[in-house]
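The structure appears below as structure tokens.
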Number of protein chains: 2
Amino acid sequence: MRIVVAACSVDYSGRLTAHLPLAPRVLMRKADGSVLVHSDGGSYKPLNWMTPPCAVTESEPTDDQREQGVREVWTVQNTKSDDRLIISLHEIQADHSFELGVDPGLVKDGVEAHLQKLLAEQIGLLGDGHALVRREYPTAIGPVDILARGDGGHVAVEIKRRGDIDGVEQLTRYLDLLNRDPLLAPVEGVFAAQEIKPQARVLATDRGIRCLVLDYDAMRGIDDVDSRLF
Amino acid sequence: MRIVVAACSVDYSGRLTAHLPLAPRVLMRKADGSVLVHSDGGSYKPLNWMTPPCAVTESEPTDDQREQGVREVWTVQNTKSDDRLIISLHEIQADHSFELGVDPGLVKDGVEAHLQKLLAEQIGLLGDGHALVRREYPTAIGPVDILARGDGGHVAVEIKRRGDIDGVEQLTRYLDLLNRDPLLAPVEGVFAAQEIKPQARVLATDRGIRCLVLDYDAMRGIDDVDSRLF
DNA sequence: GTCTTCATCTCGGTC
DNA sequence: GACCGAGGTGAAGAC
């Protein structure tokens, strides 16, 4: 990891073209060749960057550039596409290199995947006598979160952390498709989420889709109990 | 802008909870209070971060923490939500501050708007005898990218850089609405994109919507020729 | 303000 | 490797 603080101007060309006028910025060069250009604001997104795989070529400025104060030119070329970043460095305030090693990485907890896993394990929440067919049941337009067998037919479940209209639309498409399959029909829809927006509930109900509010803490609690018991 | 290179462990709690084990990393503190935790790889996204508005509180480690090598603890609290980042700094390799000033910002050029402009100019790509009615044709549920007149009716075009299912849904809503207008009906749908995902193509075809793959470079090339001739 | 849509999206999963 | 969906999405424009 090399960090350079310098006044610079930057030109990007690739999926779009973009230009950064001359100003002081922080340049981060990572071990994998990637480069980030950060200013002292905005959010975590750099003003400009190059993602790996890429390679940096450092070159001397032309006489013209040198007259205008350019001390160094970096050309960052993506090795898979024709994306290119050209950075012209003027006054350099700092230039430091560090050895960081490989990062052990982030440990996440508590998202939609977890909800899906818990509901699959506690499939009875859909109603008595329901049995899991499979998670991520594949269809031509994408996987259904959960497919289960119910009384006299099947149940397709769409799971969201926050249930709004998009999720109901998604489930509706799956139901249209699944109900054309004589081996599955009739397929009932269940829209399951930690929180269901009123508009989504109205739309779902209007389409005969059942809404199921999931209590994440309770489901996790039961899961913990199961883990302890078995 | 303050840049600290240190071994650290990080805990985030907010919309999810996440943990970063102890390892050497780069910590960036921006003038607006935001904090980024970067490793020496990945892309431009930090391992962890806090977006403004937020405030950092620096505190002394407890005796326990000090025994385990913690030198400093930063608590980054979002001032609008209950998102919180707790960073425990161990050995500190570097700690530098810089004055960067406000950035003049990025100048962009050339995306979906350009595709729309080009297709409007080359409306014949829809088929022989087609004529542009207008770009951004207004409806009650939003503007249609392009409306054209075809053989015996009209054509509504939805343009995307990458065409997937969402775009087909959007176009379907427009078509439902436009076909109720006796002055326009029948209105045919064309889904135009640089790249159309297979699932989107299936859905579009199923709904009688025509798919049109746009060759951006070719269209731009024709545009350049036009520019030179006229 | 809120809402919608785009993004050099990034990232993780699965097939 | 391609494709699909989620994101602590962020950011810009419309209303």
Is it true that atom [atom1] of [X] has more than 12 heavy atoms of other residues, nucleotides or ligands lying nearer than 6.0 Å?
X      : atom1 : result
E99(A) : CD    : no
R2(A)  : CZ    : yes
R84(B) : CZ    : no

Please confirm whether the shortest side-chain N or O distance from [X] to OP1 or OP2 of [N] is below 4.0 Å.
X       : N      : value
R84(B)  : dG8(D) : no
R161(B) : dC6(C) : no
Y174(A) : dG5(D) : yes

Gap between atoms [atom1] and [atom2], on [X] and [N] respectively (whole Å):
X       : N      : atom1 : atom2 : result
K160(B) : dT4(C) : NZ    : C1'   : 10 Å
I146(A) : dG5(D) : CD1   : P     : 16 Å
E169(A) : dT4(C) : CD    : P     : 13 Å
R135(A) : dG5(D) : CZ    : P     : 16 Å
Q170(B) : dC3(C) : CD    : C1'   : 14 Å
I165(B) : dC3(D) : CD1   : C1'   : 11 Å
I159(B) : dT5(C) : CD1   : C1'   : 15 Å
L16(A)  : dC9(C) : CG    : C1'   : 11 Å

Problem - K160(A) and Q170(A) side chains, donor-acceptor separation under 3.5 Å - result: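 Yes, K160(A) and Q170(A) have a side-chain donor paired with an acceptor closer than 3.5 Å.
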Problem - Side-chain donor-acceptor contact under 3.5 Å, Y12(B) with D83(B) - result: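 Yes, because at least one side-chain N or O of Y12(B) sits under 3.5 Å from a partner of the opposite role on D83(B).
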Residue pair [X] / [Y], side-chain heavy-atom distance below 4.5 Å:
X       : Y       : answer
V73(B)  : L89(B)  : no
V144(B) : E136(B) : no
I196(B) : F191(B) : yes

Practice task
Assign a letter to each nucleotide of nucleotides 10-15 of chain D from its 5' end: B, base within under 4.0 Å of a protein heavy atom; S, sugar-phosphate only; -, no contact.
Solution key: SS----
Practice task
Report which part of the nucleic acid M50(A) touches: base, sugar-phosphate, or nothing (heavy-atom distance under 4.0 Å, all strands).
Solution key: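 Touches nothing.
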Exercise for the section: Remember a base hit wins even if backbone is also touched, and classify Y137(A) as base, sugar-phosphate or nothing at under 4.0 Å, heavy atoms. Expected result: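 Nothing: the residue Y137(A), judged by heavy atoms under 4.0 Å, touches no strand.
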Protein N or O to nucleotides 12-15 of chain C N or O, pairs below 3.5 Å:
from: dC15(C); atom 1: OP1; to: R134(A); atom 2: NH2; distance (Å): 3.0

Practice task
Please name all residues satisfying salt bridge (Lys or Arg N to Asp or Glu O under 4.0 Å) with E188(A), sequence neighbours left out, ordered by chain then number.
Solution key: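 Residues passing salt bridge (Lys or Arg N to Asp or Glu O under 4.0 Å) with E188(A): R210(A).
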Exercise for the section: Could you pick out which residue, D164(B) or N78(B), lies toward the 5' side of DNA chain D when each is mapped onto its nearest nucleotide? Expected result: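 Final value for this comparison: D164(B).
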Practice task
For K80(A) and for L85(B), locate the closest nucleotide of DNA chain D by heavy-atom distance; then report the residue assigned to the nucleotide nearer the 5' terminus.
Solution key: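 Between the two, 5'-proximity favours K80(A).
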Practice task
Taking atom C1' in both dT10(C) and dC6(C), compute the distance separating them and give it to the nearest angstrom.
Solution key: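 About 14 Å, rounded to a whole number of Å.
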Exercise for the section: Determine the Euclidean distance between corresponding C1' atoms of dA7(C) and dC11(C); express it in Å to zero decimal places. Expected result: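 The same atom, C1', in both gives a distance of 14 Å.
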Handout entry: Passing option when M50(A) is tested against C54(A), P52(A), P53(A) for side-chain contact (heavy atoms from CB on, under 4.5 Å)
Key =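 Only one of C54(A), P52(A), P53(A) forms a side-chain contact (heavy atoms from CB on, under 4.5 Å) with M50(A), namely C54(A).
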Exercise for the section: Tell me which of L106(B) and R173(B) sits closer to the 5' end of DNA chain C, going by the nucleotide each one is nearest to. Expected result: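 Whichever sits nearer the 5' end wins; that is R173(B).
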